[in-house]
Protein chains: 2
Amino acid sequence: VKNETPAIPDIVVGRLPLYLRTLVQLRQAGNTLTSSQELGRMLGISPAQIRKDLSHFGGFGKQGTGYDVAFLIDQLSNLLRVDREWHVALVGAGDLGTAIIHYRGFATRGYQISLVFDNDPTKIGASIGGLVVHSTNGMQAMLRERHIHLAMLAVPAEAAQGVADRLIEGGCRAILCYAPTSLKLPAGIQVQYIDPVIHMQHMTFYLEPSDQTR
Amino acid sequence: VKNETPAIPDIVVGRLPLYLRTLVQLRQAGNTLTSSQELGRMLGISPAQIRKDLSHFGGFGKQGTGYDVAFLIDQLSNLLRVDREWHVALVGAGDLGTAIIHYRGFATRGYQISLVFDNDPTKIGASIGGLVVHSTNGMQAMLRERHIHLAMLAVPAEAAQGVADRLIEGGCRAILCYAPTSLKLPAGIQVQYIDPVIHMQHMTFYLEPSDQTR
């Protein structure tokens, strides 16, 4: 069934993965109970905000006794649909794509890169981290054949929109875009962006000239 | 002088780099004028929101004639302090660190990685992309000597807090954290996080079981 939680604001949805990650850290440290105060300290979010966010899903916390770590992990894993394995296609097998393939954090948290594409003839047919690089010719058919609906885009900004259009033709429903650009996508297609320079600029806004290297 | 714009909410500051990136794309395409409608279409943000965000800095747009692209780029570059070059230290020379060093998008947008550290004896002394990997022993002194106040953290989650503490001892004022964890940092230290799995989970929340690979 579809997530029957229509009233959750997207900004709250965006924080749920942080709660899940922090709860998994607590479980690894042997904690079985936690509180909005503890989560707040670990995440730099106010306890009131955390209680409000978690209340969207009903009945997670108990006044006075706090949150059951394992139960909350189960509930959040289910909501975020990470209680199953997702297969992901990666487009772009350059330095960034190679680093993405070698990053173990995806597979251990439920996202298995299963198909890799590039349009560079010198890369097609090569094997990276056990995955063969396929030509982007025929990408749509291969995505449909393998029933893959999630993709990561690690191509130059100029190529990103064209590749994204073809990913959607191939049935992709969600794209993690590493290209430093904004994509125009049909309604209902999920997209998230990773552009580290955006974060660097966000920080340097707050720095002072004395923080510059002389 | 310090940024004399005390009233800009942080959420607005976070969108300014997106405006800058989009304006640079428009300039590269030969456009000299733009509008909140055009920026809105390109970014998926409402024109009203864009006008409101840009109004925080006063006098950028003119009713009817729109925004001067070059002028707005200058103003935003100045506000975000990217009208100068920032030197950055990178800690962690594994697969991710190596990809960060090879990523050309940092230097071309004002962030020059100038120092690289790792604690792995097999990496120390090696050269990656023209940069020698230094031991994390003596990191604080080297940061102070080179007057570097910005850092990127590409170490495992378990090591991140300890390294961050030492970066701050070395005078760092801002940290881009690629480790999948939350850091506890003193007030006044800027931090931004890049954890791609958080974005994947945000998207799979909205997917349906039929989107899974069968």
Side-chain angles (χ1 to χ4, degrees), chain A residues 1-3 13-14 16-18 20-22 25 41-44 79-82 84 86-88 95-96 98-99 102-103 105-106 109 111 114 146-150 173-174 176 180-182 184 190-192 194-209 211-214, chain B residues 1-3 13-14 16-18 20-22 25 41-44 79-82 84 86-88 95-96 98-99 102-103 105-106 109 111 114 146-150 173-174 176 180-182 184 190-192 194-209 211-214:
Chain A
V1 292
K2 202 176 161 122
N3 264 336
V13 174
L16 300 183
L18 295 172
L20 178 58
R21 190 181 72 188
T22 307
Q25 285 172 348
R41 270 196 310 277
M42 292 178 73
L43 279 163
L79 272 168
L80 296 169
R81 304 192 177 287
V82 290
R84 60 208 81 181
W86 292 92
H87 290 266
V88 184
D95 279 319
L96 178 59
T98 300
H102 286 134
Y103 177 57
F106 284 121
R109 291 159 81 191
Y111 299 94
S114 303
R146 297 277 288 268
H147 301 286
I148 290 182
H149 305 284
L150 267 168
R173 309 289 303 159
L176 182 64
T181 190
S182 298
K184 282 173 217 162
Q190 300 299 316
V191 62
Q192 292 273 318
I194 294 189
D195 180 355
V197 173
I198 296 291
H199 296 287
M200 294 299 284
Q201 293 179 352
H202 190 154
M203 296 195 293
T204 48
F205 174 86
Y206 293 104
L207 296 190
E208 309 195 25
D211 293 324
Q212 262 192 280
T213 301
R214 290 177 288 267
Chain B
V1 292
K2 202 174 158 127
N3 264 336
V13 173
L16 300 183
L18 295 172
L20 178 58
R21 190 181 72 188
T22 307
Q25 285 173 347
R41 269 197 309 276
M42 291 177 75
L43 279 163
L79 272 168
L80 296 169
R81 305 192 174 286
V82 290
R84 61 207 80 181
W86 292 92
H87 290 267
V88 184
D95 279 319
L96 178 60
T98 300
H102 286 134
Y103 177 58
F106 283 121
R109 291 160 81 190
Y111 299 93
S114 303
R146 297 279 287 269
H147 302 286
I148 290 182
H149 306 285
L150 267 167
R173 308 288 302 157
L176 183 64
T181 189
S182 298
K184 282 173 216 163
Q190 300 298 317
V191 63
Q192 292 273 318
I194 294 188
D195 180 355
V197 173
I198 296 291
H199 297 287
M200 294 299 284
Q201 293 179 352
H202 189 153
M203 296 195 293
T204 47
F205 174 86
Y206 293 104
L207 297 189
E208 309 196 26
D211 293 322
Q212 263 191 281
T213 300
R214 290 178 286 269

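Proteins come first, then strands; the chains are lettered A, B, ... in the order of their sequence lines, and each starts at number 1.
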**Option that, when pairs with chain A are counted at under 4.5 Å, heavy atom only, ranks first among Pro180(B), Ser114(B), Gly44(B), Gly105(B)** = Pro180(B)
**Prompt:** Taking only residues two or more places apart in sequence, or in another chain, which ones meet Thr98(B) in a side-chain contact (heavy atoms from CB on, under 4.5 Å)?
**Reply:** His102(B), Ile128(B)
**Item:** Shortest non-hydrogen contact from Glu208(A) toward Trp86(B)
**Value:** O-CH2, 4.3 Å
**Request:** Working to the nearest 0.5 Å, report the span between CZ of Arg81(A) and OG1 of Thr204(B).
**Result:** 8.5 Å
**Message:** Strictly distance-based, threshold 3.5 Å: is any side-chain N or O of Arg173(B) a donor or acceptor partner for the main-chain N or O of Leu207(A)?
**Reply:** no
**Request:** Look at Asp95(A), Val191(A), Leu96(A) and state which one has the largest set of heavy-atom pairs under 4.5 Å with chain B.
**Result:** Asp95(A)
**Message:** So which residue, Thr22(A), Asp195(A), Val82(A), Leu18(A), ends up with the most heavy-atom pairs under 4.5 Å with chain B?
**Reply:** Asp195(A)
**Item:** Set of side-chain hydrogen bond (donor to acceptor under 3.5 Å, both in side chains) partners for Gln25(B), sequence neighbours left out
**Value:** Thr181(A)
**Minimal non-hydrogen separation, Lys184(B) against Met42(A), with atom names** = CE-CA, 4.5 Å
**Asked** So do the side chains of Ser182(B) and Arg21(A) get within less than 4.5 Å of each other, counting heavy atoms only?
**Response** yes
**Request:** Using atom types as modelled and distance alone, determine if a side-chain donor or acceptor of Arg109(B) lies under 3.5 Å from a backbone N or O of Val197(A).
**Result:** no
**Request:** Measure the shortest side-chain to side-chain distance between Met203(A) and Leu176(B) over non-hydrogen atoms and say whether it is less than 4.5 angstrom.
**Result:** yes
**Asked** Are Phe106(A) and Met200(B) close enough that some pair of their side-chain heavy atoms sits under 4.5 Å apart?
**Response** yes
**Item:** When Val13(B), Leu20(B), Ile194(B), Val88(B) are compared by non-hydrogen pairs under 4.5 Å with chain A, the top option
**Value:** Val13(B)
